[in-house]
Amino acid sequence: MNTKVCKFGGTSLANAEQFKKVRAIIEADPSRRVIVLSAPGKRNDNDQKITDLLLVCQELADQGLEIEPVFNRIRERFIEIVEELKISIDIIELLNETERLIIDTPIKAFVASRGEYLSAKVFAAWIDAEFIEPAETIVFRNEEHICPSTYPKLSKRIGETGLYVVPGFYGADENGLIKIFPRGGSDITGAITARAVEADVYENWTDVSGFLMADPRIVNNPESIKELTYKELRELSYMGATVLHDEAIFPVRDVGIPIEIKNTNKPSARGTRIVSSREPSERIVTGIAGLKNFVMFQIEKTLMNKMVGFGRNVLQIFESRNISYDHTPTGIDTMSVVVRADNLGDKLDLVIDDINRTIEPDRIDIVSNLAIIATVGVGMVHHVGTAGKLFTALADEGINIRIIDQGSSEINIIVGVNNKDYEKTINAIYRTFVK
Ligand code: ASP
């Protein structure tokens, strides 16, 4: 039987109305039989996510303070869902037990995980599905990695037929202590589960109809992306296009399971499909993404290209100051290092001192307030003149390009411009390649 693993995010589960939509989606396709759920999210912009409320409870409990007033808000939301949908589950007892455990064990990962736990318990009871406990199946090696034993454990628990509900976001270490993924991590649980059951597809249901070609706050009504590769997605999401958690790609990418981003509020919309490889379409550019607030160190030293170890010495400075870098454009006598202002923090002067002392450059210039924009597309490599077209478009707008970098994967062209030209640049690129 075909199996689709379907992950539903917080907004898809925000209230009883949303629960109904999720159920209708599941029932519309019998292969949707492994369901991964987030905790209920915000019902509107002024609302709170259950996970955030739990984290407040944890802090209060940790300081020995009363959690009741905050926990009551969690209580009300679950009770409302259960009563409205007439779900046969003893929600009062489940909530009382959860509250007791939070007070007795105010450990952050445990408390944060309770939103997903409750959400999945309630949903499983409603659709009469089997509840899978991640603390018994998803084994964390450390904060970032799970043990490979997770896959056989999960696949053993999830049968070839039947309906299963898995809470997202958490698992446990080898000692059974609850561990969580980073925020938004139910996407990762979905990907791991899809891989474990060798799913035909991993459907990720959210509140938008997939990825857009550019940020809709910058470009007016951008087109959606129908299909893109994992690599293109990596480039776009690293630069700020967020729909799917970055780390959710790896487990499915390695085994070639496609991901489909779908909209719970508009299930008929096509969404975005993420695949291992695809034929370049007539559209050269797949998407445009970017970020503001980078700082560039431009280091000039005559005959730099002949000095063995120059690059390493420069990067060593950043490493020893614990600053990760994003790009290193080079020329014959220049090497630049581009870092995020956030990563640099207040270490600018320290790094300049280090460079002066160890590199003894002819010159060092600092360019701050830099925005980086990536234009991404697998088709770019097959088209002559893509870069020329892009630079002409920016020149026509009078935009001063501070950096140019073509990723070695040849699926992106990166430009750095002043922060103030960020929106203008994205619009110019969009107009040139899309419409
Ligand atoms: N509930 C968690 C969060 O708010 C995890 C998730 O929704 O994916 O981050």
Side-chain angles (χ1 to χ4, degrees), residues 5-15 18-19 21-22 25 34-59 70-71 73-75 77-78 81 94-95 98 101-102 107-124 131-135 137-138 140 143-144 146 150 154 165-172 178-195 202-208 233 237 241-252 259-265:
V5 168
C6 306
K7 179 259 168 178
F8 291 88
T11 51
S12 302
L13 296 155
N15 56 25
Q18 294 300 87
F19 263 58
K21 290 182 192 167
V22 171
I25 290 166
V34 183
I35 315 301
V36 176
L37 300 181
S38 279
K42 292 183 181 190
R43 292 162 293 187
N44 53 57
D45 285 350
N46 303 320
D47 202 15
Q48 300 261 23
K49 292 181 178 187
I50 292 288
T51 309
D52 289 322
L53 293 171
L54 284 164
L55 289 170
V56 176
C57 289
Q58 187 267 331
E59 281 194 13
V70 183
F71 193 80
R73 295 176 57 191
I74 298 171
R75 195 188 302 276
R77 288 191 57 182
F78 278 106
I81 291 171
L94 206 52
L95 287 161
T98 305
L101 286 169
I102 295 174
I107 297 169
K108 189 168 167 200
F110 169 73
V111 177
S113 73
R114 294 303 87 187
E116 271 68 13
Y117 172 83
L118 290 168
S119 165
K121 274 279 178 195
V122 168
F123 202 89
F131 173 89
I132 304 287
E133 176 53 84
T137 43
I138 298 184
F140 278 60
E143 306 284 289
E144 277 152 38
I146 55 151
T150 296
L154 264 177
V165 175
V166 187
F169 194 37
Y170 74 97
I178 299 277
K179 296 280 167 193
I180 49 172
F181 291 115
R183 291 300 302 267
S186 299
D187 282 345
I188 306 173
T189 309
I192 291 170
T193 310
R195 178 172 173 159
Y202 168 29
E203 288 184 345
N204 191 291
W205 292 84
T206 175
D207 53 5
V208 290
L233 174 64
S237 57
T242 51
V243 169
L244 189 66
H245 196 287
D246 281 2
E247 291 160 49
I249 302 169
F250 304 123
V252 281
I259 308 175
E260 280 181 16
I261 310 288
K262 304 276 285 174
N263 188 348
T264 301
N265 302 321

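Note that the structure is predicted; figures quoted are calculated from it, not measured. Atom set for the values below is all heavy atoms of this structure, side chains included, hydrogens, waters and symmetry mates excluded. All ligand and atom numbering here is 1-based and tracks the order in the structure.
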Between Y117 and F131, is the gap from one ring center to the other below 6.0 Å?
yes
Which residues pass the ring-ring contact (aromatic ring centres under 6.0 Å, His included) test with F250, sequence neighbours left out?
none
Between E116 and A39 (side chain of the first, backbone of the second, donor and acceptor by atom type, cut-off under 3.5 Å), is there such a pair?
yes
Sort out the contact shell of ligand 1: every protein residue with a heavy-atom distance below 4.0 Å, listed by chain and number.
S38, K49, T51, E116, F169, R183, G184, G185, S186
Contacts table for residues 50-58: side-chain donor-acceptor under 3.5 angstrom, sequence neighbours left out:
from : atom 1 : to   : atom 2 : distance (Å)
D52  : OD1    : R183 : NH1    : 3.0
D52  : OD1    : R183 : NH2    : 3.3
Q58  : NE2    : P106 : O      : 2.9

R43 meets the salt bridge (Lys or Arg N to Asp or Glu O under 4.0 Å) criterion, sequence neighbours left out, with D47
Pairwise distance OG1(T264) to CG(N204) - rounded to 0.5 angstrom
9.0 Å
